[in-house]
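Please read the structure below before turning to the comments.
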Amino acid sequence: MKTVSSKAAFWIVAWVLMISLWSSSAPSIVFPVYASQWHVTKAVTTGIFSVYPIVLTLILLLLGNISDYIGRRNTLLTGLASLLLAALVFALAPSVIWLFIGRVLQGIGVGLTAGSGAAALVEFNPSSNKKLPGSVNTITQAFGLFLATIIGAALIKYAPAPLYLSYWVLAALVVLSIILCFFLPQKAESQSAVKRTWKLQGVKVPQGLWGVYALAALAVGAGFANGAVFLSLGAQIARDVVGTQDILVIGTVLSISYLLAAVSATIAGRLGPITSIRAGMVSILLGTVLLVTAAEIHSFILFISSSVLGGLAFGFSASGGIGLAAMNAPASYRVQFLSAVLVVAYLCQGASGYGGGVATSTLGFSSAIWLMAVLVGLIALFTLLFTMKKRKETSVLTANPA
């Protein structure tokens, strides 16, 4: 089969990453329908939400380097096959146990596509702009979240079979992604990997890059943790401050932050990664203050403002962190280094999402908002201070990437 150019391959990989994030987010907008029709409790919902990042993290830890051996294309195809199975499981789900199975398959699928896709963007980068892969990676994630939320909400409200139709649409898009992937160049089994027998060594931080790794992981982790607060608690806040149970209205309000994440990620592509990280951390700090205030005084304007800052924060912090890692990752350990950053990111996402659900059940909604805002704010503040302390080190590294 004839393969496409590097430029076309770059955008195919970007599409695959967008569909991967769409897949992972698709159940979130349907959870209120499950709760209503299947009487799913908050504790069960939180468990379903948390299975995904746990499995994803395990895949990155165990198989983060698999694409160095079987190639980026084959790894992406395997991940997409798991996402297709997940979509079909959700589309046919007769009971709650199927939802857990679907989330496990989604964790496997995104775990395989995330690291290999991030590395493939670097290798297929059609421009001399080394910041482009990090920005595009974040933009695709933001658009995946946005489309999953807004299209899912519209299908739930206006189309038949609200529990299932969105997954059939998703399955069709995953099939299209699989077809597109067959046109990718079979690239990037690393030379060192070809000479070795494969073994479990999913992540690796090369000597001398621990400072860069810590900053990149903290930045992306803070952005993911902040986004998870909106995913786990945002819908309830939106229902409270907007005063409606209309799923499309709630989805539209929540999708604002995802759309703005794409905007800030685009801007971040023109900034240095350290500047982007700082902008992201400041946005998180301001956004958490507004989120708590909006929940306390039931202010729609403040909630929208916090959503805007939350979206900007995700775009700046994730682009800056992934960009910093991608620019400095040695070619022989690129996918392992990027996977190591993503492990922290998804652990933060899972802990934040699960923590928000547990805190709501045990402490009450108001206390949960306060607790999660303080924890995420502290991570952001620490990361911001870290960028100041590591200013000279990171400036040298970003000026002379590996």
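Since the structure is predicted, the reported quantities are computational estimates derived from the model, not experimental observations. When reading the values below, keep in mind they use all heavy atoms of this one structure, side chains included, and skip hydrogens, waters and symmetry mates.
- Distance check: Leu342 CG to Leu56 CG gives 8.0 Å after rounding to the nearest 0.5 Å.
- Annotation: the span from Ser306 atom OG to Ile284 atom CD1 amounts to 13.0 Å, rounded to 0.5 Å.
- At a threshold of 4.5 Å between non-hydrogen side-chain atoms, the residues Trp22 and Leu173 count as touching.
- Enclosure of atom CD1 in Ile297 by more than 12 non-hydrogen atoms of other residues, nucleotides or ligands within 6.0 angstrom is indicated.
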Next item on the list: Show the numbers, then the answer: is there a side chain to side chain contact (heavy atoms under 4.5 Å, CB included) between Cys181 and Val16?
Entry: CA-CA 8 Å; Cys181 263; Val16 169; 3.7 Å; yes
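- Arg278 places a side-chain N or O within 3.5 Å of a backbone atom of Thr387 that can act as its donor or acceptor partner.
- Residues Ala219 and Gly321 share a closest heavy-atom pair of CB-CA, 4.1 Å.
- Contact annotation: the side chain of Phe183 approaches that of Val4 to within less than 4.5 Å [non-hydrogen atoms, C-beta and beyond].
- Note: Phe143 and Tyr258 fail the aromatic proximity criterion, with ring centroids not under 6.0 Å apart.
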Notebook entry, point to check: When you look at Ser20 and Thr113, which way does the side chain to side chain donor-acceptor pair (under 3.5 Å) test go after all the steps?
Noted result: CA-CA 7 Å; Ser20 297; Thr113 58; 3.1 Å; yes
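- Ile48 CD1 to Phe100 CZ: the interatomic distance, rounded to the nearest 0.5 Å, is 4.5 Å.
- Note that CD1 of Ile151 is 8.0 Å distant from CZ of Phe146, once rounded to the nearest 0.5 Å.
- Scanning both residues, Ala86 and Leu105, for their nearest heavy atoms gives CB-CB, 3.6 Å.
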Which pairs of donor and acceptor atoms, one on a side chain in residues 368-381, lie under 3.5 Å apart (sequence neighbours left out)?
| unit_1 | atom_1 | unit_2 | atom_2 | d |
| --- | --- | --- | --- | --- |
| Trp370 | NE1 | Glu296 | OE2 | 3.0 |

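- Annotation: side chain of Thr3 is not in contact with side chain of Phe182 (no heavy-atom distance under 4.5 Å).
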Notebook entry, point to check: How far apart are the C-alpha atoms of Leu215 and Thr383, what are their side-chain angles, what is the distance that settles it, and do they pass the side chain to side chain contact (heavy atoms under 4.5 Å, CB included) test?
Noted result: CA-CA 7 Å; Leu215 181 54; Thr383 306; 4.0 Å; yes
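- Formation of a donor-acceptor pair under 3.5 Å by the Ser276 side chain with backbone atoms of Gly272 is found in this model.
- Nearest heavy-atom pair, Ser24 versus Arg103, reported as atom, atom and distance to 0.1 Å: O-NH1, 2.7 Å.
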Next item on the list: Could you walk me through whether Trp15 and Ser177 pass side chain to side chain contact (heavy atoms under 4.5 Å, CB included), step by step?
Entry: CA-CA 7 Å; Trp15 166 270; Ser177 303; 2.8 Å; yes
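- Counting heavy atoms from C-beta outward, Trp38 and Val33 have side chains that stay 4.5 Å or more apart.
- Counting heavy atoms from C-beta outward, Glu123 and Arg72 have side chains that approach closer than 4.5 Å.
- Val110 places a side-chain heavy atom less than 4.5 Å from the side chain of Tyr52.
- Heavy atoms only, all atoms of each residue included: Ala261 and Ala142 are closest at CB-CB, 3.6 Å.
- With hydrogens and angles ignored, the 3.5 Å screen pairs a side-chain donor or acceptor of Asn328 with a backbone N or O of Leu324.
- For Tyr213, the OH atom counts as densely surrounded, since its 6.0 Å shell holds more than 12 non-hydrogen atoms of other residues, nucleotides or ligands.
- Counting only distance, with no hydrogens or angles, the side chain of Thr288 and the backbone of Leu285 share a donor-acceptor pair below 3.5 Å.
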Next item on the list: Determine, stepwise, if the pair Val89 / Tyr167 fulfils side chain to side chain contact (heavy atoms under 4.5 Å, CB included).
Entry: CA-CA 9 Å; Val89 166; Tyr167 298 119; over 6 Å; no
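- Using a 4.5 Å heavy-atom threshold, the side chains of Ser264 and Phe314 count as separate.
- The shortest heavy-atom contact between Ser23 and Leu170 is OG-CD1, 3.5 Å.
- Inter-residue side-chain proximity for Thr275 and Phe316 is flagged as unmet; no heavy-atom pair is nearer than 4.5 Å.
- Of the possible polar contacts, none joining the Ser299 side chain to the Ala294 backbone as a donor-acceptor pair under 3.5 Å is found.
- For the atom pair CG (Leu62) and CD1 (Ile59), the distance works out to 6.5 Å, reported to the nearest 0.5 Å.
- Under a 3.5 Å cut-off, the side chain of Thr140 and the backbone N or O of Asn137 do form a donor-acceptor pair.
- Within the model, atoms OG of Ser116 and CZ of Arg73 stand 13.0 Å from one another, a figure rounded to the nearest 0.5 Å.
- Without hydrogens or angle criteria, Tyr164 side chain to Ala93 main chain gives a donor-acceptor distance under 3.5 Å.
- Side-chain atoms of Asn125 do not come within 3.5 Å of backbone N or O of Leu121 as any donor-acceptor pair.
- Minimum heavy-atom separation, Leu145 to Ser25: CD2-OG, 2.6 Å.
- Counting heavy-atom neighbours within 6.0 Å of Lys157 NZ, excluding the residue itself, gives a total above 12.
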